[in-house]
Amino acid sequence: MTETTQSIKQPRATTGGWYEFATRHRASIVAAVILIFPLVMPFTALAVNILIYGLYALGFNLVFGYLGLLSFGHAALFGTGAYLCGIAIVHFGWPWYAAIAAGIAGGLLMALLIGVLAIRTRGIYFAMVTMALSQCVYYLFYQAVDLTGGENGLRGINVRTIDLFGLRIDFINPMIRYYVIAAFVIAAFFVMSRILASPFGAVIEAVRENEMRARASGYDVTLTRLLTFVLSGGFCGLAGALQALHLSIVPIEILHYETSGLVVMIALLGGMGTFFGPMVGAAVFLVLENIVSVWTVHWQLIVGAIFIACVLFFPAGIWGTLIARGKR
């Protein structure tokens, strides 16, 4: 009887051990995967897109997965970061690092403005308010033709070399471009890991699980939601700035509500409320788009059907479901 009990308990202890190790070193594991990622991708540009949209989804997941609020307005945060980074380079001649800082600041500021107006609403009302405010931002940038280029988008974001501690790095080289962008993405994952492991991260999840109990415990629920939304804006603003540098243009479509819907799909596909889920979702969606679009112009129909199948068979997302099964 004792031997049977021990044989049953042993796998659970092992599983708990690997899961605890992976959780403690999650950012380092992500960094290792990102460093070898371009070696398994068909071409480097796809790997860069996955990094950028994975970072975008990481910021969105902070609000959607960890706080429990569905936003349809994150395109405003992503697009503002891209536009401010591009404007800083094209119109003001700022160096690349200052332009990236401008993109992050733009995402933070836009999240603050939207958050102040929307954060007191709940459920579908929050989603609708954020979408409406995001569309206001879309038309604001659309009308500012002198700064943004209007419907033609912002062009001329030419960063050919990066000066770093006296070294001139060729940013045109696809592999070098990947690892420059990967450095920012890895840093963002480490920051996110630190946020989630902090007492504030515990408060975020407490608000998601039981708002009334969190409020009764003395936490300011409204302020927690606002700060989380603003932090999310910083990650999305960084993703937008990296997208501007990668494409050398900022299309007006980056602010459209379809960009907000895309990140919802990516988060659901990878697994909301999981650390690595956003990157998995971005990789699966973009690889499917790339492969299927070669076969047919109706790739959205096929990818949509695959997405529905994934939702049915992986209810917690691909990565979330794999983690849940691995813990058994």
Side-chain angles (χ1 to χ4, degrees), residues 19-31 54-71 73-74 76-78 80-81 101 103-123 126-127 129-130 184-241 263-264 267 270-279 316-317 319-320 323:
Y19 182 74
E20 183 181 350
F21 175 84
T23 302
R24 185 181 298 114
H25 302 284
R26 55 191 173 186
S28 299
I29 295 173
V30 170
L55 176 58
Y56 176 31
L58 180 73
F60 172 78
N61 193 45
L62 183 61
V63 170
F64 182 44
Y66 289 100
L67 186 61
L69 291 178
L70 174 59
S71 166
H74 265 60
L77 315 181
F78 184 54
T80 299
I104 297 172
L108 291 168
L109 180 59
M110 186 57 68
L112 178 62
L113 295 176
I114 293 177
V116 167
L117 297 173
I119 209 67
R120 294 183 183 276
T121 57
R122 301 289 185 274
F126 179 81
V129 169
T130 52
F184 286 97
V185 175
I186 289 172
F189 268 97
F190 272 97
V191 172
M192 178 64 77
S193 179
R194 187 68 190 91
I195 291 172
L196 296 177
S198 68
F200 180 70
V203 174
I204 292 174
E205 296 192 49
V207 171
R208 178 195 65 193
E209 294 300 323
N210 195 317
E211 177 184 337
M212 294 183 63
R213 184 170 295 179
R215 196 184 302 275
S217 299
Y219 297 113
D220 190 330
V221 172
T222 301
L223 181 60
T224 299
R225 284 198 170 116
L226 180 59
L227 290 176
T228 306
F229 197 81
V230 171
L231 287 172
S232 174
F235 288 99
C236 294
L238 173 60
V263 77
V264 176
M272 67 176 195
T274 62
F275 188 72
F276 198 53
M279 194 63 70
W319 187 249
I323 289 178

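In this chain, numbering begins with 1 at the start of the sequence shown.
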Measure across Gly59 and Ser232 and return the closest heavy-atom pair with its distance rounded to 0.1 Å.
O-OG, 2.5 Å
Considering only heavy atoms from C-beta outward, does the side chain of Leu196 approach that of Ile204 to under 4.5 Å?
no
Going by ring-ring contact (aromatic ring centres under 6.0 Å, His included), name the residues that satisfy it together with Phe60, two or more places apart in sequence or in a different chain.
Phe64, His74
Identify the heavy atoms of Gly233 and Ala111 that sit nearest to each other, and give their distance.
CA-CB, 3.8 Å
Closest contact, heavy atoms only, Ser71 versus Phe229
OG-CE1, 4.2 Å
For Val207 and Val221, the nearest pair of non-hydrogen atoms, with its separation, is CG1-CG1, 3.8 Å
When rounded to the nearest 0.5 angstrom, what distance separates CG in Leu77 from CG in Leu113?
10.0 Å
Taking only residues two or more places apart in sequence, or in another chain, which ones meet Arg24 in a salt bridge (charged side-chain N to carboxylate O under 4.0 Å, His left out)?
Glu20
Within a reach of under 6.0 Å around OH of Tyr219, are more than 12 heavy atoms found that belong to other residues, nucleotides or ligands?
no
Check the pair Ile323 / Phe276 against side-chain contact (heavy atoms from CB on, under 4.5 Å), numbers first and verdict last.
CA-CA 10 Å; Ile323 289 178; Phe276 198 53; over 6 Å; no
Kindly indicate whether the side chain of Phe200, heavy atoms from C-beta on, has any atom under 4.5 Å from the side chain of Thr224.
yes
Once rounded to the nearest 0.5 Å, what's the spacing between atom CG of Leu58 and atom CZ of Phe189?
4.5 Å
Are any of the side-chain heavy atoms of Phe126 and Ile119 separated by less than 4.5 Å?
yes
Mark yes or no for whether Asn61, through its side chain, and Phe275, through its backbone, hold a donor-acceptor pair below 3.5 Å.
no
One should read off an interatomic distance between Leu231 CG and Leu62 CG, to the nearest 0.5 angstrom, of 6.5 Å
How far apart are the closest heavy atoms of Gly106 and Thr80, and which atoms are they?
O-CG2, 3.6 Å
Check whether any side-chain N or O of Arg213 sits under 3.5 Å from a backbone N or O of Glu211 as a donor-acceptor pair, and report yes or no.
no
Leu69 versus Arg225: any side-chain heavy-atom pair under 4.5 Å?
yes
Here the gap from Ile104 atom CD1 to Leu238 atom CG, rounded to the nearest 0.5 Å, amounts to 4.5 Å
Is it true that a side-chain atom of Arg120 and a backbone atom of Thr222 form a donor plus acceptor pair closer than 3.5 Å?
no
Is it true that a side-chain atom of Thr228 and a backbone atom of Val63 form a donor plus acceptor pair closer than 3.5 Å?
no
Which atoms form the tightest heavy-atom contact between Pro278 and Gly54, and what is the distance?
CB-O, 3.8 Å
Would you say Leu112 and Leu108 make side-chain contact, with heavy atoms under 4.5 Å?
no
By ring-ring contact (aromatic ring centres under 6.0 Å, His included), which residues pair with Tyr56, not counting sequence neighbours?
Phe78
